[in-house]
Asker: 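I have a structure here, written as structure tokens, and I will follow up with some questions on it.
Atoms within a ligand are numbered from 1 in the order they appear, just like the ligands themselves. All values below were derived from every heavy atom in this structure, side-chain atoms included, with hydrogens, water molecules and symmetry-related copies excluded.
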Amino acid sequence: MMKAPLQILNSTFGYHEFRGPQAAVIEALVAGDDVLVLMPTGGGKSLCYQIPALVREGVGIVISPLIALMQDQVSALRELGVKAGFLNSTLSSQEWWQTESALQRGEIDLLYIAPERLIQPRTLELLHSLKISLFAIDEAHCVSQWGHDFRSDYLKLELLHREFPQVPRIALTATADLRTRDEIVARLQLHNAQQFISGFDRPNIQYRIAQKNNPKIQLMRFLREEQAGNSGIVYCMSRNKVEQIAEWLCSEGFTALPYHAGLAAQMRQQHQERFLREDNIIMVATIAFGMGIDKPDVRFVAHLDLPKSIEAYYQETGRAGRDGEAATTLLLYGLEDVVKLRQMMAQSEGSEEFKRNEQQRLNAMLGLCEITSCRRQSLLRYFGDNLAQNCGNCDCCLTPPQTWDATEAVQMALSCVYRTGQRFGAGHVIDVLRGSNNEKILSFNHHTLSTYGIGKQLSVDEWKAIIRQLVARGLLDVNSDGFGGLLLNESCRPYLRGEEKIHLRREIKLAVSSPRRANLSQAIDAQDQSLWSALRACRKRLAEEQGVPPYVIFHDATLREMLEFRPLTPEQLRTITGVGDSKLKRFGEEFLAVLREAEYSV
Ligand code: ADP
Ligand code: ZN
């Protein structure tokens with residue numbers, strides 16, 4: 001008798017219900033239709049093909065470019081009691097042969113394979129000798145020649161349609177733009193596929209963007225007050241800064257590792273491995289880190305420098321919370337970031353058009369930083385997605401920013417930039433406004449200007465915030481000569497003359513921790529802390545014994561439910577999300593022992 005999808009979901013994966021379009025996708029595939037699935041990261045794409053492969057007769061072939069992950073994916077399935085294997089270049093010829101004969105004996109239900117392997121004649125011959133339940137083409141956007149992840153081998157996957165016309169295919173991606181989607185359909189011959197398109201939103205990610213005023217203290221508070229014991233990534237722009245921050249975090253008692261392209265390959269590998277396998281590592285990295293990292297329990301992503309574009313920001317923050325559990329992202333940015341990036345772009349090698357493009361992307365990113373309405377709405381709108389209501393899970397929603405009528409102050413600032421000859425950076429302009437009498441002011445005779453000292457009522461930080469917002473809004477330009485002088489431009493004219501009103505964001509000092517947090521479910525109560533640690537220690541021990549990352553044993557969500565419901569018998573434990581038959585049998589007693597001890601040692 002064929003098992004029903006829901007039954008497999010429960011007995012094998014330990015989950016109680018399907019999420020979003022999973023049930024419909026699975027139904028289509030089980031019925032033999034082709035399918036295109038577009039779902040955000042963490043949406044649950046894997047089950048869409050894993051369950052049909054278990055329902056249908058034969059072996060399901062999963063094509064994935066991420067060779068480094070195959071071993072872990074297969075280990076995870078085996079822990080669930082699923083007969084899984086993989087074929088890629090990391091296998092010895094003996095392992096290859098063993099997998100091949102297991103396939104021929106019908107002992108494998110799910111086979112992961114790299115695209116370059118699949119298209120080899122020898123592999124195709126092998127596949128033709130087997131009963132195949134389905135082909136799953138993961139990361140299907142790799143067929144797009146315009147995307148960042150283009151793989152020429154993916155183009156050849158079109159042969160699946162010709163050589164195996166009767167086998168249903170499912171293509172999956174998290175990259176949602178229309179052009180890529182059309183390309184996938186055209187290149188993989190999926191014209192008859194049912195399409196399941198979900199939005200871009202990652203509701204479990206909390207977006208926060210704050211003014212950078214003392215980044216180290218801001219980061220420290222964030223880590224200590226909200227993220228104690230969690231894994232996460234801290235992104236910095238330069239290699240130098242990566243090393244400094246990592247070293248400083250270690251001196252503060254955190255386990256932080258540096259990662260950037262200048263480190264020896266072996267060290268990078270080792271740090272990545274530790275990040276995947278250990279529980280509370282902070283990876284301090286340049287953007288070189290992240291591609292193909294599929295760690296589901298990254299609880300936070302912090303940026304100490306401004307990303308170049310919304311695309312980059314969304315991709316980098318997207319590495320948080322792939323397991324669907326609450327995750328937090330924090331971006332700290334300041335005027336110096338804007339100046340630095342503008343200059344880097346102006347001085348880069350590309351054509352004028354390329355530079356204009358880059359500047360526009362940066363402007364969009366700055367716009368996101370400065371808005372006072374819901375960040376998520378604005379993010380999604382940028383990608384062509386609509387969110388009808390405020391999200392309630394970004395800093396603007398949680399602590400609505402105040403604005404103030406800055407018309408007069410803006411007029412002072414612009415006028416001071418003009419009077420000083422449009423040659424000086426923010427620091428000097430602010431000194432003039434506040435009537436400082438340092439050497440530089442005296443030597444340029446700036447104490448005689450009409451704008452000298454007219455802005456004493458505002459602090460240096462307040463002036464910085466004003467100038468930053470003017471640059472971000474494109475009312476002031478930054479000279480690309482390397483000195484960062486501020487320049488007026490056409491659009492600032494009405495403000496300079498005071499003809500138009502302008503409202504700016506009022507900065508709250510050290511606005512790192514939001515007072516109301518939607519993420520409270522993530523925090524562990526003090527009285528539960530020791531049981532939580534004991535459960536995590538048990539998971540870590542088992543993970544080491546099995547040679548797999550901890551999340552392969554149980555996800556955080558599963559441990560959290562154990563904490564909440566305190567199961568004491570195998571029957572009770574089996575009702576916890578993520579505890580299926582196989583894991584109950586293999587690890588149940590170990591976790592029950594921990595839970596019972598906590599229950600009876602009062
Ligand atoms: P994607 O590939 O879309 O990024 P995954 O397939 O890795 O996402 O799933 C993300 C997380 O959600 C995983 O931890 C997975 O076990 C979990 N998950 C998926 N479907 C369900 C479900 N129906 N119920 C509970 N958890 C689920
Ligand atoms: Zn919001």
Side-chain angles (χ1 to χ4, degrees), residues 5-6 8-10 12-26 37-51 62 64 66 69 72-73 76-77 79-80 82 110 136-141 170-176 196 198-209 292-298 318-327 329 368 371-381 387-401 514 516 518 549-561 576-580 583:
L6 191 58
I8 296 178
L9 181 74
N10 188 261
T12 303
F13 294 91
Y15 298 148
H16 306 300
E17 55 198 1
F18 286 113
R19 263 196 206 155
Q22 280 176 337
V25 172
I26 291 169
V37 171
L38 192 155
M39 225 186 244
T41 306
K45 286 188 282 298
S46 332
L47 287 184
C48 291
Y49 54 82
Q50 287 168 346
I51 289 183
V62 185
S64 164
L66 306 172
L69 302 178
D72 282 347
Q73 283 168 329
L77 284 166
E79 299 293 351
L80 293 166
V82 173
L110 266 164
I137 303 163
D138 206 3
E139 313 290 343
H141 59 277
I170 172 172
L172 309 106
T173 180
T175 309
F196 295 89
S198 311
F200 247 116
D201 192 17
R202 304 278 312 275
N204 60 316
I205 296 184
Q206 181 175 96
Y207 296 103
R208 301 214 311 249
I209 302 180
I293 302 295
D294 206 10
K295 184 178 169 63
D297 53 357
V298 175
R319 294 181 179 132
R322 285 176 187 227
D323 52 8
E325 289 269 288
T329 67
L368 179 70
I371 53 162
T372 48
S373 56
C374 176
R375 306 251 194 227
R376 190 181 314 269
Q377 272 183 331
S378 174
L379 257 176
L380 294 176
R381 204 177 315 118
L387 188 69
Q389 270 167 1
N390 288 349
C391 76
N393 195 21
C394 72
D395 59 338
C396 289
C397 285
L398 292 167
T399 32
S514 47
R516 281 187 301 129
Y551 60 80
V552 167
I553 303 294
F554 283 129
H555 278 296
D556 284 358
T558 303
L559 296 196
R560 201 182 310 284
E561 263 194 52
I576 300 288
T577 307
V579 184
K583 287 191 176 172

Asker: Is Arg560 reaching over with its side chain to a backbone N or O of His555, donor-acceptor style, under 3.5 angstrom?
Answerer: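 Side chain of Arg560 to backbone of His555: no pair is present.
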
Asker: Tabulate distances under 3.5 Å between N/O atoms of ligand 1 and N/O atoms of the protein, writing both atom names on each line.
Answerer:
residue	atom	partner	partner atom	Å
ligand 1	3 (O)	Gly43	N	3.4
ligand 1	3 (O)	Gly44	N	3.1
ligand 1	3 (O)	Lys45	N	2.9
ligand 1	3 (O)	Lys45	NZ	2.9
ligand 1	4 (O)	Gly42	N	2.6
ligand 1	6 (O)	Lys45	N	3.3
ligand 1	6 (O)	Ser46	N	3.0
ligand 1	6 (O)	Ser46	OG	2.5
ligand 1	8 (O)	Gly44	N	3.2
ligand 1	12 (O)	Arg19	NH1	3.1
ligand 1	14 (O)	His555	NE2	3.0
ligand 1	16 (O)	Tyr15	OH	2.5
ligand 1	20 (N)	Gln22	NE2	2.9
ligand 1	23 (N)	Glu17	O	2.9
ligand 1	23 (N)	Gln22	OE1	3.1
ligand 1	26 (N)	Arg19	NH2	3.4

Asker: Kindly say whether Leu368 contributes a backbone atom to a donor-acceptor pair with the side chain of Arg375 at under 3.5 angstrom?
Answerer: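 It does hold such a pair.
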
Asker: Short question: side chain of Arg376, backbone of Asp201 - any donor-acceptor pair under 3.5 Å?
Answerer: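 Flag not set: sc Arg376 to bb Asp201 has no pair under 3.5 Å.
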
Asker: Would you be so kind as to tabulate the donor-acceptor pairs closer than 3.5 Å made by side chains of residues 12-21, with sequence neighbours excluded?
Answerer:
residue	atom	partner	partner atom	Å
His16	ND1	Asn10	ND2	3.4
His16	NE2	Thr575	O	2.9
Arg19	NH1	Gly42	O	3.3

Asker: What pair of heavy atoms forms the shortest contact from Pro40 to Arg202, and how long is it?
Answerer: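 Here Pro40 and Arg202 meet closest at CB-CD, 3.8 Å.
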
Asker: Test your reading of the model: is there a side-chain donor-acceptor pair from Thr329 to the backbone of Gln206, 3.5 Å cut-off?
Answerer: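 Yes; judged by distance alone, with no hydrogens or angles, the pair exists.
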
Asker: Could you enumerate the protein N, O or S atoms under 2.8 Å from the Zn ion (ligand 2), written like residue then atom name?
Answerer: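 Near the Zn ion (ligand 2), the protein supplies Cys374 SG, Cys391 SG, Cys394 SG, Cys397 SG.
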
Asker: Can a donor-acceptor pair be found, under 3.5 Å and without considering hydrogens, that links the side chain of Glu79 to the backbone of Ile553?
Answerer: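 Not at all, since once roles are kept as given, no pair shorter than 3.5 Å links the two residues.
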
Asker: Is a side-chain donor or acceptor of Lys583 paired with a backbone partner of Gly578 at a separation under 3.5 angstrom?
Answerer: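 No, the answer is negative, given that no donor and acceptor are paired below the 3.5 Å cut-off.
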
Asker: For Glu139, what residues pass the salt bridge (charged side-chain N to carboxylate O under 4.0 Å, His left out) criterion, not counting sequence neighbours?
Answerer: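 Salt bridge (charged side-chain N to carboxylate O under 4.0 Å, His left out) check on Glu139 returns nothing, list empty.
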
